[in-house]
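Input: a single structure, listed below in structure tokens.
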Number of protein chains: 2
Amino acid sequence: MSTTTFPIQLSFVSERPYHHGNLRSALLEQAESILRDQGAEQLSLRELARQVGVSHAAPRRHFQDRQALLDAIAENGFARLGTELSNAFTSVGDSFAPRVRALAAAYVRFATDDAALLELMFGAKSLDPDGPMHDAAMAAFDPVFELIAQGQAEGRLESGDPERVGMVLFASIQGAAALFTAGMIERAALDQLTVDAITYFLRGAQPAQTS
Amino acid sequence: MSTTTFPIQLSFVSERPYHHGNLRSALLEQAESILRDQGAEQLSLRELARQVGVSHAAPRRHFQDRQALLDAIAENGFARLGTELSNAFTSVGDSFAPRVRALAAAYVRFATDDAALLELMFGAKSLDPDGPMHDAAMAAFDPVFELIAQGQAEGRLESGDPERVGMVLFASIQGAAALFTAGMIERAALDQLTVDAITYFLRGAQPAQTS
DNA sequence: ACCTGAACACCGTTCAAGT
DNA sequence: ACCTGAACACCGTTCAAGT
């Protein structure tokens with residue numbers, strides 16, 4: 001009779017002995033799954049502990065309170081978003097316009113795949129300037145600003161602080177995803193909106209006509 | 001000895017006898033105030049009832065559950081947003097560009113004045129197509145689409161479904177406000193971003209050059 | 001070091017009963 | 001019609017105690 005006969009959510013990540021050494025990651029993993037399926041409001045520490053198979057007080061060792069757990073999830077989210085944007089940037093050749101489309105598509109995919117996570121990430125108060133998560137969050141968007149710099153170097157975008165120029169693109173894509181996850185527009189309208197937002201951005205952010 | 005000696009939150013709206021006839025609006029008003037100050041998560045039905053001076057079961061007569069209260073608040077929000085956008089549209093002369101700026105400014109003001117309310121409005125599941133609140137929500141943005149139609153009629157915007165064209169502007173302004181309320185950018189950056197979003201939209205949505 | 005069990009002060013929701 | 005009070009099944013958080 002081994003001690004772990006029940007195949008309780010082994011999940012993707014690990015097949016280690018459980019209970020000792022990786023409670024923290026088991027909690028995070030399960031919490032992310034609940035978040036995705038039920039939303040942040042339905043995420044209860046007690047239920048989470050139950051599903052992972054520990055007492056309701058055990059999570060306290062790893063997360064001081066509910067908010068600390070949510071913050072940790074959000075931080076994971078920014079890390080994953082960063083790698084996904086980075087992948088999109090490098091996996092599509094090196095011309096400017098396709099990269100813009102790939103980056104926007106990657107962001108929209110991330111946002112719509114796990115709307116509750118994105119909401120959590122943007123709801124995290126720790127995001128504000130000088131907050132502990134601000135740098136990690138901004139780092140995720142580095143590929144966007146790098147791309148803007150490329151567009152400027154190639155004369156396709158007006159000059160100026162890449163963060164300032166890129167923020168316009170970022171805001172419109174973020175807004176588009178928000179309209180979809182809020183249910184205001186349907187999937188097809190989101191795709192159309194994404195294309196339009198990119199088109200208008202590229203035309204609107206061109207250097208002033210010189211002829 | 002009158003029955004109402006304590007001046008418990010008389011608030012703005014009414015000075016009617018209280019307790020009889022207007023519990024519903026008293027609850028809504030107080031709930032909106034709590035929402036603005038503390039956020040939706042801190043809004044407890046029991047505490048709300050306490051503050052309004054009724055038993056914890058009394059709200060049930062007017063709101064079947066917590067979600068119904070939140071939905072009602074969101075609906076009020078869309079109504080108020082509608083009138084504020086409408087006011088912005090009509091209170092600034094009738095030229096196109098100033099109207100765009102006024103509308104954007106009004107939206108940003110609404111969003112940043114009461115971020116928790118906007119989050120609630122966009123979080124309301126009842127927003128999706130065929131949901132009970134979708135029409136009321138879309139109606140609030142009528143001034144935006146009307147303005148787009150004006151821009152098209154004056155040859156300043158490319159033709160096409162005004163909803164499609166306007167959605168790009170709407171998304172970018174909404175995204176800008178979201179970046180601010182999330183704490184990612186500061187107030188000054190939001191103002192700059194709003195200006196840039198409008199500029200890029202106006203240039204990018206121009207009819208194709210014909211010469 | 002890591003986890004448990006009991007305890008405390010809250011919730012939302014329901015329902016019989018009061019006026 | 002509108003509200004109350006008790007009850008139920010949950011919470012998050014804390015803390016002494018176990019191994």
Side-chain angles (χ1 to χ4, degrees), chain A residues 3-4 6 8-9 14 16-32 34-35 37-74 116 120 123-126, chain B residues 2-4 6 8-9 14 16-35 37-74 116 120 123-126:
Chain A
T3 54
T4 56
F6 313 109
I8 333 166
Q9 65 279 78
S14 89
R16 279 174 287 166
Y18 225 48
H19 263 170
H20 282 83
N22 57 355
L23 213 206
R24 191 191 139 96
S25 56
L27 287 168
L28 268 176
E29 197 182 314
Q30 184 65 18
E32 281 165 13
I34 295 174
L35 173 67
D37 296 341
Q38 328 236 48
E41 302 196 349
Q42 298 301 317
L43 180 53
S44 132
L45 281 183
R46 287 180 102 110
E47 175 64 22
L48 175 63
R50 231 173 272 132
Q51 290 185 18
V52 167
V54 292
S55 85
H56 67 265
R60 190 115 217 286
R61 287 295 127 185
H62 302 95
F63 304 102
Q64 239 199 352
D65 55 20
R66 205 181 101 106
Q67 189 57 49
L69 173 67
L70 296 179
D71 285 349
I73 296 174
L120 187 66
K125 297 127 217 265
S126 27
Chain B
S2 119
T3 54
T4 57
F6 315 109
I8 332 165
Q9 67 279 75
S14 88
R16 280 174 285 165
Y18 224 49
H19 263 169
H20 281 84
N22 57 354
L23 212 207
R24 190 191 140 97
S25 55
L27 288 168
L28 268 176
E29 196 182 318
Q30 185 64 20
E32 281 166 12
S33 157
I34 294 174
L35 173 67
D37 296 342
Q38 329 237 49
E41 301 196 351
Q42 299 301 317
L43 181 53
S44 132
L45 281 183
R46 288 179 102 113
E47 175 63 23
L48 177 63
R50 232 172 272 131
Q51 289 185 21
V52 167
V54 292
S55 84
H56 66 265
R60 190 116 217 287
R61 288 295 124 186
H62 302 96
F63 303 102
Q64 238 199 351
D65 55 21
R66 205 183 101 104
Q67 190 57 50
L69 172 67
L70 296 179
D71 285 349
I73 295 175
L120 186 67
K125 296 128 219 267
S126 27

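Labels below follow one simple rule: chain letters A, B, ... track the order of the sequence lines, proteins then strands, and each chain is numbered from 1.
Applying the 4.0 Å criterion to OP1 and OP2 of dC11(D), one finds that Arg50(A) has a side-chain N or O inside that range. Side-chain N/O atoms of Ser44(B) include one lying less than 4.0 angstrom from OP1 or OP2 on dG12(C).
In Gln64(A), the CD atom is not crowded: 12 or fewer heavy atoms of neighbouring residues, nucleotides or ligands sit closer than 6.0 Å.
The listed nucleotides are dT13(C), dC3(C), dC11(C); the one nearest the side chain of Asp65(B) is dT13(C).
Between Leu48(A) atom CG and dG12(D) atom C1' the separation is 13 Å, expressed in whole Å. For Arg60(A) and dC2(C), the CZ to P distance is 15 Å, given to the nearest whole Å. Across the protein-nucleic acid pair, Arg46(B) atom CZ and dA7(D) atom C1' stand 10 Å apart, rounded to whole Å. Atom-to-atom, CZ of Phe63(A) to P of dG12(D) comes out at 14 Å; the value is rounded to the nearest Å. For His56(B) and dT4(D), the NE2 to P distance is 10 Å, given to the nearest whole Å. Taking atom CD1 of residue Ile34(A) and atom P of nucleotide dC11(D), one finds them 11 Å apart after rounding to whole Å. Atom pair Leu27(B):CG and dC3(D):C1' shows a separation of 12 Å (rounding to whole Å applied).
dA7(D) is paired with dT13(C) under the criterion used here, namely a Watson-Crick or G-U wobble arrangement in which both key atom distances are under 3.5 Å. Remark: dG18(C) base-pairs with dC2(D); criterion is Watson-Crick or G-U wobble with both hydrogen-bond distances under 3.5 Å.
No contact: Arg24(B) has no heavy atom under 4.0 Å from any strand.
Considering all non-hydrogen atoms of both residues, Leu120(B) and Leu70(B) come closest at CD2-O, 3.6 Å.
Between Ala57(A) and His62(B), it is His62(B) whose nearest contact on DNA chain D lies nearer the 5' terminus. If you find the closest nucleotide of DNA chain D to Arg66(A) and to Ser55(B), the one lying nearer the 5' end belongs to Ser55(B). Sequence order on DNA chain C of the closest nucleotides to Gln67(B) and Arg61(B) puts Gln67(B) first from the 5' end.
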ask   = Can you check side-chain contact (heavy atoms from CB on, under 4.5 Å) on His62(A) and Leu23(A), steps first, answer last?
value = CA-CA 8 Å; His62(A) 302 95; Leu23(A) 213 206; 3.6 Å; yes
